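Numbers here are sequence positions counted from 1. In this text, all values refer to a predicted model and were calculated from it rather than measured experimentally.
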Amino acid sequence: MIDWREIDTVLLDMDGTLLDLHFDSHFWLEHLPKRYVELHQLDIASQETLRARIIGEQGTLNWYSLAYWSRELGVDIVALKREVQHLIGLRSDALDFLTWLKQAHPRVVLATNADRASLALKLPLTGLENYLDAIISSEDVGAAKEEQAFWFALQEREPFDPARTLFIDDNANVLESAHEFGIKHLLGIKQPDSQRPEKELQAFIALDRFAQLLPNNLPGQRGER
């Protein structure tokens with residue numbers, strides 16, 4: 001699927017790509033609305049109102065900001081996330097893929113919309129940092145990946161040749177944004193959330209497993225092109 005001789009940089013999304021999106025889906029659509037109602041002693045109908053409010057921010061920096069939601073809702077979002085942190089986990093063979101990349105490829109960058117508070121929670125629980133050369137959050141650059149400004153800022157901080165870059169993300173809008181910027185090699189994820197049905201990504205090839213990307217001769221050796 002990928003000719004690795006044409007790839008210098010691998011950009012990877014986190015939630016829904018390397019990590020199972022089930023944690024985030026459960027937290028934002030189930031756990032947070034339930035705990036919000038309990039903590040503020042509201043009627044149960046307020047759960048649906050909050051869900052609609054959360055979804056209404058989709059694709060913006062607010063959507064991804066734990067500080068924003070803590071301030072807006074009057075709750076400690078990080079503390080509430082810790083209540084269900086046992087759901088945080090890697091997707092299927094993500095660790096095998098990361099291990100191969102570490103052995104075989106020169107530059108692996110996490111390009112995520114997750115803010116630094118989310119990263120501080122998830123990185124120690126997953127060990128992702130051990131496999132990454134750099135981590136760039138949309139919070140760092142002041143723009144979500146859905147915006148062109150993110151990619152220009154990313155290229156300033158982490159120079160890469162779009163024609164020789166592979167980017168993997170589960171979000172079709174983000175992939176479209178990366179395509180507009182000129183990133184040549186783009187792949188989606190079929191089932192970001194292990195507890196939900198597969199998604200259709202009509203404009204992009206979607207991966208079932210990362211093993212589909214690996215060459216036959218494993219592990220690869222750094223420097224081979």
Side-chain angles (χ1 to χ4, degrees), residues 11-89 109-126 128-129 132 134-154 156-158 167 169-178 181 189 192-193 196:
L11 303 176
L12 296 170
D13 173 50
M14 184 172 71
D15 301 315
T17 298
L18 295 177
L19 303 187
D20 191 339
L21 196 61
H22 175 57
F23 167 77
D24 295 278
S25 300
H26 175 76
F27 177 78
W28 291 105
L29 300 180
E30 297 178 44
H31 189 69
L32 175 57
K34 178 176 179 290
R35 295 290 284 121
Y36 172 75
V37 164
E38 291 173 353
L39 291 169
H40 290 292
Q41 299 181 333
L42 302 172
D43 62 85
I44 196 167
S46 298
Q47 290 190 32
E48 193 56 42
T49 301
L50 178 55
R51 287 190 193 97
R53 183 177 176 186
I54 291 170
I55 292 170
E57 294 285 357
Q58 193 167 6
T60 69
L61 274 183
N62 287 342
W63 163 267
Y64 302 105
S65 172
L66 303 194
Y68 171 82
W69 291 112
S70 292
R71 183 174 64 251
E72 289 293 305
L73 303 181
V75 298
D76 186 338
I77 294 292
V78 174
L80 293 182
K81 281 198 164 196
R82 290 194 182 279
E83 294 178 353
V84 289
Q85 68 178 23
H86 61 280
L87 298 177
I88 297 172
V109 178
L110 189 71
T112 179
N113 272 327
D115 67 2
R116 285 291 168 176
S118 289
L119 289 167
L121 174 65
K122 293 176 177 179
L123 292 179
L125 294 174
T126 59
L128 285 179
E129 278 181 297
L132 304 169
I135 298 172
I136 305 295
S137 163
S138 59
E139 181 182 36
D140 300 336
V141 303
K145 288 188 293 184
E146 288 85 342
E147 304 171 51
Q148 288 298 290
F150 174 88
W151 302 103
F152 284 102
L154 173 63
E156 285 185 11
R157 290 170 176 250
E158 189 65 35
F167 175 52
D169 199 293
D170 67 300
N171 186 320
N173 292 330
V174 169
L175 290 169
E176 288 285 1
S177 181
F181 183 73
I189 298 292
D193 184 332
R196 296 187 177 211

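The CZ atom of Arg35 sits 15.5 Å away from the NZ atom of Lys81 when rounded to the nearest 0.5 Å. Remark: Thr17 OG1 to Asp170 CG distance equals 4.5 Å, nearest 0.5 Å. Rounding to the nearest 0.5 Å places CD1 of Ile88 at 8.5 Å from CZ of Arg82. Of the inter-residue distances, the one linking Asp169 atom CG with Leu18 atom CG reads 10.0 Å to the nearest 0.5 angstrom. To the nearest 0.5 Å, atoms CD (Glu30) and CG (Leu32) are separated by 11.5 Å. Rounded to the nearest 0.5 Å, atoms NZ (Lys34) and CD1 (Ile44) are 9.5 Å apart.
Contact annotation: the side chain of Phe27 never approaches that of Glu83 to less than 4.5 Å [non-hydrogen atoms, C-beta and beyond]. Side-chain contact between Arg51 and Glu48: present, with at least one pair of heavy atoms (C-beta onward) separated by less than 4.5 Å. Counting heavy atoms from C-beta on, the side chains of Ser65 and Leu61 never come closer than 4.5 Å. The closest side-chain heavy-atom distance from Ile135 to Arg116 is below 4.5 Å. Between Gln58 and Ile55, the closest side-chain pair of non-hydrogen atoms falls below 4.5 Å. Ile189 places none of its side-chain heavy atoms less than 4.5 Å from the side chain of Asp13. In this structure the side chain of Val141 never reaches within 4.5 angstrom of the side chain of Leu154, judged on heavy atoms.
Between the side chain of Ser70 and the backbone N or O of Asp76, no donor-acceptor pair lies under 3.5 Å. Looking only at distances, no side-chain donor or acceptor of Asp115 sits under 3.5 Å from a matching main-chain atom of Glu139. Counting only distance, with no hydrogens or angles, the side chain of Ser46 and the backbone of Val37 share no donor-acceptor pair below 3.5 Å.
By the side chain to side chain contact (heavy atoms under 4.5 Å, CB included) test, Glu147 pairs with Ala143, Ala144, sequence neighbours left out. Scanning for side chain to side chain contact (heavy atoms under 4.5 Å, CB included) contacts around Glu57 gives Thr60, Asn62, Trp63, Tyr68, Trp69, with sequence neighbours left out. With sequence neighbours excluded, the residues satisfying ring pair (Phe, Tyr, Trp, His ring centres under 6.0 Å) with Phe167 are Trp151. Taking the salt bridge (charged side-chain N to carboxylate O under 4.0 Å, His left out) definition, one finds that Asp20 meets it with nothing, sequence neighbours left out. Every residue meeting the ring pair (Phe, Tyr, Trp, His ring centres under 6.0 Å) condition with Tyr36, not counting sequence neighbours, appears here in chain and number order: His40.
Screening Leu132, Leu21, Thr112, Asn113 for a side chain to side chain contact (heavy atoms under 4.5 Å, CB included) with Met14, the sole residue that qualifies is Thr112.
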Identify all side-chain donor-acceptor contacts of residues 119-126 below 3.5 Å with residues at least two apart in sequence or on another chain.
unit_1, atom_1, unit_2, atom_2, d
Lys122, NZ, Asp15, OD1, 2.7
Lys122, NZ, Asp15, OD2, 3.2
Lys122, NZ, Asp24, OD1, 2.9
Lys122, NZ, Asp24, OD2, 3.1
Thr126, OG1, Lys122, O, 2.9
Thr126, OG1, Leu123, O, 3.4

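Contact between Ser177 and Gln148 at its shortest, heavy atoms only, is O-NE2, 2.7 Å. The shortest non-hydrogen separation linking Tyr64 to Glu146 is OH-OE2, 2.8 Å. The two atoms that bring Trp28 and Ile77 nearest to each other are CH2-CG2, 4.3 Å, heavy atoms only.
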| Would Leu50 and Leu73 satisfy side chain to side chain contact (heavy atoms under 4.5 Å, CB included), going step by step from the backbone distance to the final call? | CA-CA 9 Å; Leu50 178 55; Leu73 303 181; 3.6 Å; yes
| task | Decide side chain to side chain contact (heavy atoms under 4.5 Å, CB included) for Asn171 and Lys145; before the verdict, give the C-alpha distance in whole Å, the side-chain angles of both, and the deciding distance to 0.1 Å. | result | CA-CA 10 Å; Asn171 186 320; Lys145 288 188 293 184; over 6 Å; no
